[in-house]
2 protein chains.
Amino acid sequence: MNATIKDVAREAKVSIATVSRVLNNSAVVTDETKQRVLDAIKKTGYKPNALARSLKIQKTHTIGLIVPDISSPFYPEVVRGIEDIASMYSYNIFLCNTDQKEDKEMNYIEILSEKQVDGIIYMGDIIRESVKQQLHDIGIPIVLAGTEDAESEFPNVNIDNKKASYDAVKYLLSLGHKKIGMISGPFDDPIGGVQRTNGYKEALSEAKIRFKPSLVVEGNFKARQAYLAMLKLLENNVDAVFAASDEMAAAAINAIFDSGFSVPEDIHVIGFDNTYLSYMFRPTITTIQRPAYDIGAVSMRLMTKLLAKEPIDDMHVILPHQLIVRESTGYGEEKK
Amino acid sequence: MNATIKDVAREAKVSIATVSRVLNNSAVVTDETKQRVLDAIKKTGYKPNALARSLKIQKTHTIGLIVPDISSPFYPEVVRGIEDIASMYSYNIFLCNTDQKEDKEMNYIEILSEKQVDGIIYMGDIIRESVKQQLHDIGIPIVLAGTEDAESEFPNVNIDNKKASYDAVKYLLSLGHKKIGMISGPFDDPIGGVQRTNGYKEALSEAKIRFKPSLVVEGNFKARQAYLAMLKLLENNVDAVFAASDEMAAAAINAIFDSGFSVPEDIHVIGFDNTYLSYMFRPTITTIQRPAYDIGAVSMRLMTKLLAKEPIDDMHVILPHQLIVRESTGYGEEKK
DNA sequence: TTGTAGGCGTTATCAA
DNA sequence: TTGATAACGCCTACAA
C-alpha cells in the first residue's frame, strides 16, 4: 500500500496539516519541523495522491484532446505541439480518438467532463451543432485547434483558409492560367467548402476573370468523387485546377492522365494540406501547408491562458500558411 | 456548480446510498424508487464525479502512455491501436511525450503514478535501468510495446528482431549475394545492436558463409555515422548491405553513389522500419515493416488482461513482421 | 429495500 | 507556528 499523508505525519510526529503545508509551501513552517517532515517523506516513500488533491481543489491539471485520427497525417504534429506546451505548464493530456463520429465525440466529451478535465482542445474538420452544444454545456474552457465554428463562439487557432485558397489560385494565375477549375469540399462545409471557394472567387475577381459556377465542382475531400469532378472540369477545358485536399488533387491528376492529358505539361494542379501523399505521388503535388505543430502549440498556450484567467488579446488566432511548389505546377521536384 | 449525488438524493427524496445503487446497479432497488432516481438525475443534470469515485474504489480506468515522439513515424499507428482497444474497454489514455530522455521519462512516470493510473504502456527503443527500476517500483501493471527489456521482466509485445534481420539477409542471399555487409545499431543496444546482428550471423551461417567481423560496422541509427560505415564496407567490396534502420540505409545509398557505384545495379541495400523515408527516397528502399497498429492493439489488450487479473497465456507476444521489397534490391517500384 | 455513517487522501479554516 | 476538523463527492458495510 502506498504511504499517505497520515503515515508521513505519524512518522514526523506532526499533524497532517503541517505535512500538507510543507508539501505546498502554503504557510510558514519552522525549518526544523520542515526537515522532519521532509525526512519522513523520504523514509515512507510518500507520493501525493493527485486524485484526492484534485477532488479537493477542483482542478486536475489535465486537459482532454478530441482528435479525429491520431494515425492520419497532420494530427500527430498538432498533438506534439500541444503536448510540448502542456508539459511546459505541467498539464497532462487525455487523448481521445473519434474518427470524427458524432457518438464517439459526444461520449468522449461526457467522459472527459466526468473525469473533471480542466479544458478540452477539439480538432476536426467540422464541428456539429450537437457537439458544440455539449462542449458549451460542460462549462469549461474549449479551444478549437485547426478548425473553427461558424459563429466563432469558441476560441480557436487556425490558418486563414480563404486566404490560403486565394494564394493557391493566385499562383496559378501568375503562371498564366486563365481557365482555372476548382474541386471544393462539400458546399455546406463552412471551411473546406465555403471559405476555400471564396478565396478562389476572390483571386479570380481580382484578376478580372469572371467567375463561372461550372468551373467549381463539389467534392468530399475523397478520391472517387474528385475523379469524377475532374472529368467534368475537363469537359470545360480548364488549364489548371485547385483541389481542396491533396487526395482530391491526386485523384484529379489520375483523371487527367486517364483522359490522355498530362500534368504538368497540359494542366497544372494544386492540392491542400501537404500530406505525405503530396510528396509521394508522382508527379509530386504543389500544395498548401498548414503549420501543424504551431497550431497545436498555440492552441495549448491559449488554453493555459484561459485556465489562468489571464487577459487574452485574441481569441481567434490566425497562423500563416505556406504554398509549397512541386512538380504538379511544373516547378520540378525539390531536393532534400 | 455541478449537481452531486446529494442533490439527486434530495430531489428524489431518497438517501445518497440509494442513488449510488442505481448508478452502479449494485443492489436491488425497487423499480419505482429507481425511476424516481433516474428522473432526478435527468432533472438535475447530474454527472458522476469520476475523481471521487476513483478515490474511493482505487481505480481510475486510465492508463499512461510513454512514447518517444508521437509525431515521428511508427508511433502514431501504435497509439491508434492502443486507443482503439482502450476505448473498447472504457479506458482513457494519458499521452506522454518524452523524446526518450531519461529525465522526462522519470518525471512522467512519477506523475502518472501520482495521478493513479491503473497501468503504463512504455514505448521506446531501449529501456534504461533507472526507468526500469522506477516502473517496477510504482507497482502497477506495465507493458512494453514495440520493445523489450533485457531480462524480460515486463510483459511485452514486439516483433522478433533477430528473425526480421535474418529474413532480410536471407533475402539478399537468395538474390545471389555472397559478400553481405551490415550496418548495425549500437553494439550495446540489445535489440538494434545484438539481436539484429545475430539474425545476420544466423542467416550467413545457415548459408555456410563464414562470418567476418569486418563486414559488420556499428552505427547509431543515424545518417552520418552510417555514411562513414558504408565507406568502410565499400573498402571490403560488399555486394549488398543490410542496415538496421531506414535512415542508415538511405545514408548508405548516398555513400555508395558518392563513391561512384549505383543502387541497385552494383549494390543492393535493405533498411528497417518502413518509415516514410523508405518509400520517399530514390531509389525506394526495401525494408522490414513492423505491424505498428497491431503492436499497440495487442499491448493494450494484454494490459486489460493484466488489470482484470485474467490468466495470461503469454506475457511476451511476438507479432509477424514483413519484408517489403522495393527498388534498392532491384525489384522495381511498387504500384499503388 | 432503504438509510446512516465512516472513509478514500487531500486542502483549508479556525483555534490554540 | 501548529493541530483539529470539516469538506471535496463517492462507495459500502452495517443497521434498520
### Summary
Checking Lys43(A), Lys6(A), Arg36(A), Lys42(A) against Glu11(A) for side-chain contact (heavy atoms from CB on, under 4.5 Å), the one that qualifies is Lys43(A)

### Message
Testing Leu65(B), Ile109(B), Ile63(B), Val143(B) one by one against Ile120(B) for a side-chain contact (heavy atoms from CB on, under 4.5 Å), which residue passes?
### Response
Ile109(B)

What integer distance in Å separates [X]:[atom1] from [N]:[atom2]?
{"X": "Asn25(A)", "N": "dT2(D)", "atom1": "CG", "atom2": "P", "answer": "14 Å"}
{"X": "Lys59(B)", "N": "dC10(D)", "atom1": "NZ", "atom2": "C1'", "answer": "15 Å"}
{"X": "Glu114(A)", "N": "dC11(D)", "atom1": "CD", "atom2": "P", "answer": "11 Å"}
{"X": "Asp7(A)", "N": "dC8(C)", "atom1": "CG", "atom2": "P", "answer": "11 Å"}
{"X": "Arg21(B)", "N": "dT1(C)", "atom1": "CZ", "atom2": "C1'", "answer": "8 Å"}
{"X": "Ile16(A)", "N": "dG7(C)", "atom1": "CD1", "atom2": "P", "answer": "13 Å"}
{"X": "Lys115(A)", "N": "dC8(D)", "atom1": "NZ", "atom2": "C1'", "answer": "19 Å"}
{"X": "Ile5(A)", "N": "dT11(C)", "atom1": "CD1", "atom2": "C1'", "answer": "8 Å"}

### Message
Taking Thr147(A)'s backbone N and O only, do any of them form a donor-acceptor pair with Asn156(A)'s side chain (distance below 3.5 Å, no angle check)?
### Response
yes

Considering just the side-chain nitrogens and oxygens of [X], establish if one lies under 4.0 Å of OP1 or OP2 belonging to [N].
{"X": "Gln58(B)", "N": "dC11(D)", "result": "no"}
{"X": "Arg53(A)", "N": "dG9(C)", "result": "no"}
{"X": "Thr18(A)", "N": "dG3(D)", "result": "yes"}
{"X": "Ser20(A)", "N": "dT11(C)", "result": "yes"}

### Query
If you find the nucleotide of DNA chain C closest to Lys6(A) and the one closest to Leu23(A), which residue's nucleotide is nearer the 5' end?
Lys6(A)

By nearest atom, which of the nucleotides [options] is closest to the [X] side chain?
{"X": "Leu55(B)", "options": "dC8(C), dA12(C), dT10(C)", "answer": "dC8(C)"}
{"X": "Ser15(B)", "options": "dG3(C), dC11(D), dT11(C)", "answer": "dG3(C)"}
{"X": "Ala17(B)", "options": "dT10(C), dC10(D), dT12(D)", "answer": "dT12(D)"}

[X]-[Y] side chain donor-acceptor pair, cut-off 3.5 Å:
{"X": "Glu105(A)", "Y": "Gln134(A)", "result": "no"}
{"X": "Gln116(B)", "Y": "Ser54(B)", "result": "no"}
{"X": "Thr60(B)", "Y": "Asp118(B)", "result": "yes"}

## Note on the structure
5'-most contact on DNA chain D (nearest-nucleotide basis), Ala52(A) vs Lys56(B), goes to Ala52(A)

### Message
Applying a 4.0 Å non-hydrogen cut-off, can you work out what Ile57(A) is touching in the nucleic acid: base, sugar-phosphate, or nothing?
### Response
sugar-phosphate

### Query
How is Leu51(A) classified with respect to the nucleic acid when contacts are heavy atoms under 4.0 Å: base, sugar-phosphate, or nothing?
nothing

### Message
Can you tell whether the side chains of Lys305(A) and Asp314(A) come within less than 4.0 Å, N to carboxylate O?
### Response
no

### Task
May I ask you to list the residues of residues 29-49 of chain B, by number, that have any heavy atom positioned under 4.0 Å from an atom of DNA chain C?
Val29(B), Thr30(B), Thr33(B)

### Task
Might you point out which heavy atoms bring His61(A) and Lys115(B) nearest each other, and give the distance in Å?
O-NZ, 3.1 Å

